[in-house]
Amino acid sequence: MILSPSLLSADFARLADELAALEAAGIKWAHLDVMDGSFVPNITFGPPVIAAMRKTSSLFFDCHLMIDEPGRYIDDFAKAGADLICVHAEATNHLERTCAAIAQAGAKPAVALNPATPLEVVRYLLPQLSMVLIMSVNPGFGGQKFIPFCLDKVRELKAMIREAGASTLIQVDGGVTLDNCAELVAAGADVLVSGSAFFGAPPLDERHRQFQARCGG
Ligand code: DX5
Ligand code: ZN
């Protein structure tokens with residue numbers, strides 16, 4: 001299991017220190033939540049802040065774009081140092097073109113689905129996707145409760161990926177805790193995002209160990 005801590009729950013005034021603390025805790029991925037105040041009712045940061053973080057860290061930058069018409073900004077995020085760019089299926093009418101643009105820009109393409117969005121929208125894209133993100137809360141804020149039906153969605157997506165013969169990773173984001181991480185991994189999740197449950201209980205190396213222990217290492 002890859003744990004991708006959401007920097008949304010980190011101290012924005014000390015991002016370089018927070019990234020260094022993640023690396024020291026054995027973390028490999030950092031989940032960067034980009035929000036535009038339109039697709040979701042909250043605003044965070046964009047390419048300039050990611051470029052500044054890139055200078056201080058070699059973590060894998062897992063960029064979750066909660067923005068309308070993400071196709072407009074793919075090159076900006078790739079140039080800023082995003083390793084993976086995840087766009088919402090609900091945010092564009094041209095999902096295939098946007099995913100192709102991400103690969104063209106040199107980043108790994110991924111698609112996020114809001115809780116109520118059916119899996120069917122990614123079926124034909126699976127061979128070209130590095131990852132599908134199952135949102136298990138309505139995006140916009142950290143610290144919300146996991147929506148239970150999302151567990152079934154993970155199982156169904158796992159079956160769909162197998163059927164397609166694809167190697168697409170499954171990421172789950174929202175309300176992930178020590179109490180539900182094991183069943184998410186058993187259902188097929190490869191990457192778990194955790195914001196409040198991870199940063200809320202330091203020290204981070206101990207927290208990382210606890211998550212990995214619950215999920216079988
Ligand atoms: C929600 C974000 C999540 C969020 C997760 O819109 O996409 O990444 O920060 O936070 P927790 O783990 O607190 O639900
Ligand atoms: Zn996220």
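Start at 1 and go down the list; that is how both ligands and their atoms are numbered. Atoms considered below: every heavy atom in the structure, side chains included; atoms not considered: hydrogens, waters and symmetry mates.
Note on the Zn ion (ligand 2): protein N, O or S atoms under 2.8 Å away count 4, no waters included.
Side-chain contact of Asp33 with Thr44: a donor-acceptor pair under 3.5 Å is absent, judged by distance alone. Side chain to side chain, Arg207 and Gln210 meet the donor-acceptor criterion of an N or O pair below 3.5 Å. Side chains of Asp62 and His64: a donor-acceptor N/O pair is absent below 3.5 angstrom, by distance only.
Not one N or O on the side chain of Asp17 forms a donor-acceptor pair closer than 3.5 Å with the backbone of Arg14.
When the shell of 6.0 Å around OH of Tyr124 is examined, it contains 12 or fewer heavy atoms from other residues, nucleotides or ligands. For Tyr73, the OH atom is loosely surrounded, since the number of other residues' heavy atoms within 6.0 Å does not exceed 12. Around CD of Glu23, the count of heavy atoms belonging to other residues, nucleotides or ligands within 6.0 Å exceeds 12.
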Name each N or O atom in ligand 1 that is under 3.5 Å from a protein N or O, and give the partner atom and the distance.
from, atom 1, to, atom 2, distance (Å)
ligand 1, 6 (O), Gly140, N, 2.7
ligand 1, 7 (O), Asp33, OD1, 3.0
ligand 1, 7 (O), His64, ND1, 3.3
ligand 1, 7 (O), Asp173, OD2, 3.0
ligand 1, 8 (O), His31, NE2, 3.4
ligand 1, 8 (O), Asp33, OD1, 3.2
ligand 1, 8 (O), Asp33, OD2, 2.8
ligand 1, 8 (O), Asp173, OD1, 2.7
ligand 1, 8 (O), Asp173, OD2, 3.0
ligand 1, 9 (O), Ser6, OG, 3.0
ligand 1, 9 (O), Asp33, OD2, 3.2
ligand 1, 12 (O), Gly195, N, 2.8
ligand 1, 13 (O), Gly143, N, 2.7
ligand 1, 13 (O), Ser196, N, 3.0
ligand 1, 13 (O), Ser196, OG, 2.5
ligand 1, 14 (O), Gly175, N, 2.8

* Determine, step by step, whether Val49 and Leu15 satisfy the side-chain contact (heavy atoms from CB on, under 4.5 Å) criterion, reporting the C-alpha distance in whole Å, the side-chain angles of both residues, the deciding distance to 0.1 Å, and the verdict. => CA-CA 9 Å; Val49 174; Leu15 285 172; 4.0 Å; yes

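Ile161 places none of its side-chain heavy atoms less than 4.5 Å from the side chain of Leu169.
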